[in-house]
Structure formats: structure tokens, C-alpha cells
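Let me begin by presenting the structure, written as C-alpha cells, before commenting on it.
Please read all numbers here as calculations on a predicted model, not as lab measurements. We count ligands from 1, going down the list as the structure has it; atoms in each ligand are counted the same way. For the numbers below, each heavy atom of this structure counts, side chains included, while hydrogens, waters and symmetry mates do not.
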Amino acid sequence: MTRDPRYDILFEPVQIGPVTARNRFYQVPHCTGIGWTQPETLARLRGIKAEGGWAVVATEETEIHPTGDCEPFHEGRLWDDRDVPAMALMADAVHEHGALAAIEIMHHGASAANWGTRLAPLAPSHRPIIYYSPVQARAMDKQDIRDLRGWHREAAVRSKKAGFDIVYVYATHDLSIAQHFLSRRKNDRIDEYGGSLENRVRLLRELIEDTKDAVGDKCAVALRFCGDELIGDDGLTYDGEARDVVEMLAELPDLWDVNISTWPNDSQTSRFAKEGFQEEYTSFVKKLTTKPVVGVGRFTSPDTMVSQIRRGLMDFIGAARPSIADPFLPKKIEEGRIDDIRECIGCNMCVSSDYTSTNLRCTQNPTMGEEWRRGWHPEIIPPKRSEGTVLVVGAGPAGLEAALAAARRGFDVHLAEAGSELGGRVIRESRLPGLSEWARVRDWRVGQLERMANVSIYRDSALEAEHILEFGARHVAIATGSTWRRDGVGRDSGFAIPGFDGPSVYTPDDVMTGRDPEAGPVIIWDDDHYYMGGVLAELCRYAGHEVVLVTPAAMVSAWTVNTLEALPIAKRLARMGIEVVPYTSVVGFDGAQVRLRSGLTGEETSRSAGALVTVTARLPLDDLHEQLRDRWEGAGIASIARIGDCWAPSTIQQAVYSGHKWARGLDEEPELLIPRELPFIESGRVQQR
Ligand code: ADP
Ligand code: SF4
């Protein structure tokens, strides 16, 4: 297939200072949870993006000095020359596929507590560390500023030595010292680095000039800058000080990389923001500079991308998440394979990797973060080395991915689904408020499967054990999912809760399949702590009920701190008039009154409720597997495995991963099949300091 000429504009080369990008696809800096700890892992991950057609592939934040150390988070490091070889691995991997390598050198200033190095953090003025750490940054004196400029210059020189083509100066996300100097609320200095905007911008200007002076002959110097902080005049705004800064520095950097600060504002999930959501706050930049501009907005549609360029909003299509979900996005557009693009669903499971300091993971792309340690490639999967058909029972995210990966390996695949629709939980959940884009998990996989000659899909086909024994498949995956518990057992209570067997108790499965609470007030008992309690609260509120969400945690949807959604969820619920009752357990329900126990005082109280929605835990639906136990070996079946939620209920991301891993392992010796794990090839820690 060839490229649609409509998209030609996306493949024009663009000059950035002394270097040229081969097209307009730009992987902006993004965290991975990997950083300095696994250089080989990171090099392979970034190299695959270059292979997928991105013209520029950038690192994550890369610390320039131990006084800006953000442990326990894993970012890049260029503290001294010993870090150069590790960073060079990545630059080389990116160059191997004809892309430019960019590095975001930076100092965390008052955004990191230096837990690892135990040095005092630095800031323009005495201020606490922004992330509620019991640590303060000390005000820098003139020598500190000279030192900082020196470290930044040295890091730029090391970046060039490591082979990078683009070196960043970083001033956004509220994570960088240069932005802290810019900020009126963080900088009350009375010297030439504080006061007027001209003074507050001085350090940023100097860092850009120093970097250009140190490496500008060979490397482009990019400025990553905040178009708006979304806090009004207390911060930088697109029609206020951010605009003034762009006017002041317009032609100084070789490239402007603009976004909304902070990270939660920049990487909003699809529950809160749609493709192109940053336009209002960043489009002014291009009008004020002749230098190329890159911006982001979770772009996955080539038509939207073209529109961004044609309307003069930006020169490059920036992407972090779309490049994680599909490292081959540019290649697919180039080759006219638009339907093959695996679109990001905007769930931020990728972000949770950084928050938990673990290898990058992605709901849509199960190979992400596994390129090195498992040798997985997003587009290439080893052909089968053995014969035999595959039967996958259940077409949720695990079953769909297992079927697809097995089919891509060349197996004849049969996929049976009890319902008339494919997609399992993804379909049910994508109908909940704000989660519609999650249907992309199904859409992409079904779109691929339906075009494959070696795949047969059977809808309305609830299989029983006898069917499976008679089917004649060599490998069977049971992907029948899980069901929400009705009895209240979960984290908070290890025992069934009295009264939960009554008629006005509802589970998420009930609500998702149309058995809605008939009368309010509705109490949501959220002992799950991810998104489900919050979205069901919204749903019941939209239905007109009074809604109260009770949680033993200190806040609603507590785990969503890791997906940057905790505050937006809390705000949305508050604005909808949904009351959240924290530090509280539900301990009983008599059909009219819900009994609550305070986790703080132990006091018991009652609240009237017309319905109780219990969101606690799930149980695998693995009856089929039980029925097949001790019977399948005589039936010519070589392996039978439970995957996804049927094996261990978890996230959609984990279900997809589990299905993928199963299909990759099909030729392994039977004893290596699930439940035994496929071994990692390498930890990727080869060059660890
Ligand atoms: P996972 O997240 O592990 O993929 P889901 O709950 O999303 O799990 O999907 C499980 C799917 O399996 C559902 O679509 C369900 O209808 C289907 N299913 C359950 N039991 C059977 C069965 N006996 N035969 C065929 N399909 C089944
Ligand atoms: Fe997109 Fe979710 Fe993948 Fe992140 S984890 S890239 S948000 S699909």
C-alpha cells in the first residue's frame, strides 16, 4: 500500500538549527520508569521508536547533577562522564534507524527531595519541595547560580559526546529549576534573577545561551516550555507571562517544544480530555517565532495531525503516549496502513510505571518495556515452530490479544465468545461515563483479526467442557474473565458483610449490564480504589440519584494518583454534588440503612440508602478450567492455560499482556507454559553505575 497524498505534508523534512528531521513525527521526552537503571532496556525501547519512523526520539528528564536527584523515581542521569556510555547506547540505537536523538537535560530544583543523594535541594528562594516531602529547598546564592550554569553546560557537552543531536533546556511541568525561577510565586529574589519578568527569565536565557555556546555548532538547542499552568495569573498563562516569555526568547532556541504544565495537566486521560486538547494554550507560540514548534495532544489521527500543521499551529506532531501505544505510528501512515494504527486509549497505565519506578507498560502495546528483557518487538513476532490449532475461549482483552498474537505467529486460531459482541469487559466499561476511548482495545484487535485468513471467530458461542474436549485444538486458552463479588469481601473486609445478599445490593457487573439502582440515595462502597467506584458514582448521579461514595482510603479513587487522575476525579465528583466519605468502612446493610464504621474513631453510624453498589474485589470465572482438569490430557490437547482475569483479575493492561505472553510461549516446552513464567533474557542493567 502507498501513502495517501493527503498525508504527504507529515513527511516533509524540517530543519532544526544545525540538524534536519526527516519528517514531522517527534517523540517528545517522556518518562519510562526505567531511566538510568537499565540503559540497554531503554536503548532498545527508544531504538524501536526510531525504527517505527519517528524523526526525533527523545530521552526522559535527564538529571545533570546530584543536587537535582529525584529518587525513588527513575529518570536519566548525566551527572558525570561515567554516565556518557549508558546514554550513548540510546543515541546509537536511535541513529541506527535514521532518527535524531534528543536529550532533555535538566535540574529538578525544588521539585525533588534528593532522597538518594541526601543533598539540600536548590531553588530561587526558600521553598518546600512541591511533592509534600518534609524537605525544603534552599535559596541559591550567586555562586550556586554560577555552579548550576556550569553543570548544565557540562551536561550539554556530555550530551554531544554521547551522540545526541538535540539538547534541551527544560522549563515546564513545574519540575525544572528554570521554570521555578520564572515563577512569581516561587521566586522572591531581590537581585537580578528576581522581580521583573526580564529578571526572572534571566536564568532560562542564560541556560539557552550557554547550551548554544557549548554545543550549538553540532546540536540543535530545544526549549521545552509551558504555555499555561492552568492556575490563572498566579502562574504562566498563554495570554500573560508565558506569552511574554515567548516574545522575549522567540528566536533564541532552535526549537520550541510547548505543552501545559504540570504533568497531570499535560498528560490528561481520555476521561478528561480529547485529542488536541492543548491547542487553546499552546497555539500562540507559532505566531511569535520563526523557529519550528512541536506540541502534543494525544494525536493518533493523521487527519488531525495534518490539520495541526495546515492551520499553522505547529511544525512537528509531538507524541509521548501515541508513540508508546504504537511505536510504528509514522510508518503505518507512511505505508497507507491507517487501520493498523494501535491508538492510545488515554488510560495512563504508562504513567503509572513512572510513579511506581517499574518498566514502562501500556494497555494497548503489550511489548512496551519488554523489548530488551524479553526480546519482544511490537511488529515482529516469531513464526510458530510447531503445528496444531489454537482455541481461545472468551473474547475480552486477554482472549483477543492471545488470538491475535497466536494468529500472527501462523497458528490456525479459533476464537469463541459467549456473547454476541466481542470485547468482554472493555465493551462494558467503555460505556461508562468518560471511558468511551477504551473501546479501542477491542476495535484494533477485532479489526486485525477479521482480516486474517487463519482466524475463525464464533460469536454467541458459550463453550462447555465437552465442546473443548471435542474441538481438537492443540492449545487452549481459557480467557473467560472474572466477576465482581457481591458479598463485600475485599481489602477492607476478609469476611462477607451482613446484608449484602439483599435485593438492593448491586455489583459493577449488574450496573454495566443494565440492572441499575432503582431508588436513591445510592451509596457506592469503593474498596477497589481505581476508577470503577468513581465512574459508577458519576453514572448514578447522571441517573438523577443522590450519591455518596464511601471509601476506607483518605481520598476517592486513591490508586489513580498513579494515572494523574486523582485530583480531576475528586474535582469532578465534588462539582457533581457527589459526597465522598473517606476513612470509613461499610459494615452492614439492611436494605434501608447502610451501617458505617469510621476508620479513625471506630464509631458506628447509619445512613439511609435505597441502593448499595459494592465495588470490592473480583473472582476468576474459571469453572471451565476446573471441569477440564484431569480430562484434557487424554483428548489430544498439548496445553491448556487460564489467561487474563480468569487467571488473576487485574487491569485491562495486564489482561492484554497476559494474552500476548501466552501466545509468545506456545512453542516452549510444556513445563514452561503458564503458570510457569517465560524467563527474562536480560535484566538490562548491563551498564549500571
Ligand atoms: P479478560 O479481561 O481476562 O479478557 P473479560 O471478562 O473481559 O476477561 O472477557 C471474558 C470474555 O469471555 C467475556 O466476553 C465472556 O462473555 C466470555 N466467556 C465467558 N465464558 C465463556 C465461555 N464458556 N465460552 C465462550 N466465552 C466465554
Ligand atoms: Fe495510551 Fe494507556 Fe498505552 Fe499510556 S498505557 S500509551 S495512555 S494506551
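Inter-residue side-chain proximity for Met90 and Pro39 is flagged as unmet; no heavy-atom pair is nearer than 4.5 Å. Side-chain contact between Trp484 and Asp528 is present, with heavy atoms from C-beta onward closer than 4.5 Å. At least one side-chain heavy atom of Tyr530 sits less than 4.5 Å from a side-chain heavy atom of Thr563.
Using bins of under 30°, 30° to 60° and over 60° for the plane-to-plane angle, the ring pair Trp376/Tyr657 lands in the tilted bin.
Sparse packing is recorded around CG of Asp630, with 12 or fewer heavy atoms of other residues, nucleotides or ligands lying under 6.0 Å away.
Using a cutoff of 4.0 Å between basic side-chain nitrogens and carboxylate oxygens, Glu51 and Lys331 are not scored as salt-bridged.
When each atom of ligand 2 is checked for a heavy atom of Gly346 under 4.0 Å away, the hits are 1 (Fe), 7 (S).
For His377 and Phe328, the gap between ring centers is short of 6.0 Å. The six-membered or imidazole ring of Phe500 lies away from that of Trp525, with a centre-to-centre distance of 6.0 Å or more.
Looking at residues two or more places apart in sequence or on another chain, you find a side-chain hydrogen bond (donor to acceptor under 3.5 Å, both in side chains) between Thr651 and Gln653. Evaluation of the side-chain hydrogen bond (donor to acceptor under 3.5 Å, both in side chains) rule for Asp645 yields Arg425, Arg618 as partners, not counting sequence neighbours.
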Could you pull out the N/O contacts under 3.5 angstrom between ligand 1 and the surrounding protein atoms?
{"unit_1": "ligand 1", "atom_1": "2 (O)", "unit_2": "Asp645", "atom_2": "OD2", "d": "2.8"}
{"unit_1": "ligand 1", "atom_1": "3 (O)", "unit_2": "Asp645", "atom_2": "N", "d": "2.7"}
{"unit_1": "ligand 1", "atom_1": "4 (O)", "unit_2": "Pro397", "atom_2": "N", "d": "3.1"}
{"unit_1": "ligand 1", "atom_1": "4 (O)", "unit_2": "Ala398", "atom_2": "N", "d": "2.8"}
{"unit_1": "ligand 1", "atom_1": "7 (O)", "unit_2": "Arg425", "atom_2": "N", "d": "2.7"}
{"unit_1": "ligand 1", "atom_1": "12 (O)", "unit_2": "Ala479", "atom_2": "O", "d": "3.4"}
{"unit_1": "ligand 1", "atom_1": "14 (O)", "unit_2": "Glu417", "atom_2": "OE1", "d": "2.7"}
{"unit_1": "ligand 1", "atom_1": "14 (O)", "unit_2": "Glu417", "atom_2": "OE2", "d": "3.0"}
{"unit_1": "ligand 1", "atom_1": "16 (O)", "unit_2": "Glu417", "atom_2": "OE2", "d": "2.6"}
{"unit_1": "ligand 1", "atom_1": "23 (N)", "unit_2": "Leu463", "atom_2": "O", "d": "2.9"}
{"unit_1": "ligand 1", "atom_1": "24 (N)", "unit_2": "Leu463", "atom_2": "N", "d": "3.0"}
{"unit_1": "ligand 1", "atom_1": "26 (N)", "unit_2": "Ala418", "atom_2": "N", "d": "3.0"}

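Only protein atoms were considered; those of element N, O or S under 2.8 Å from atom 3 (Fe) of ligand 2 number 1.
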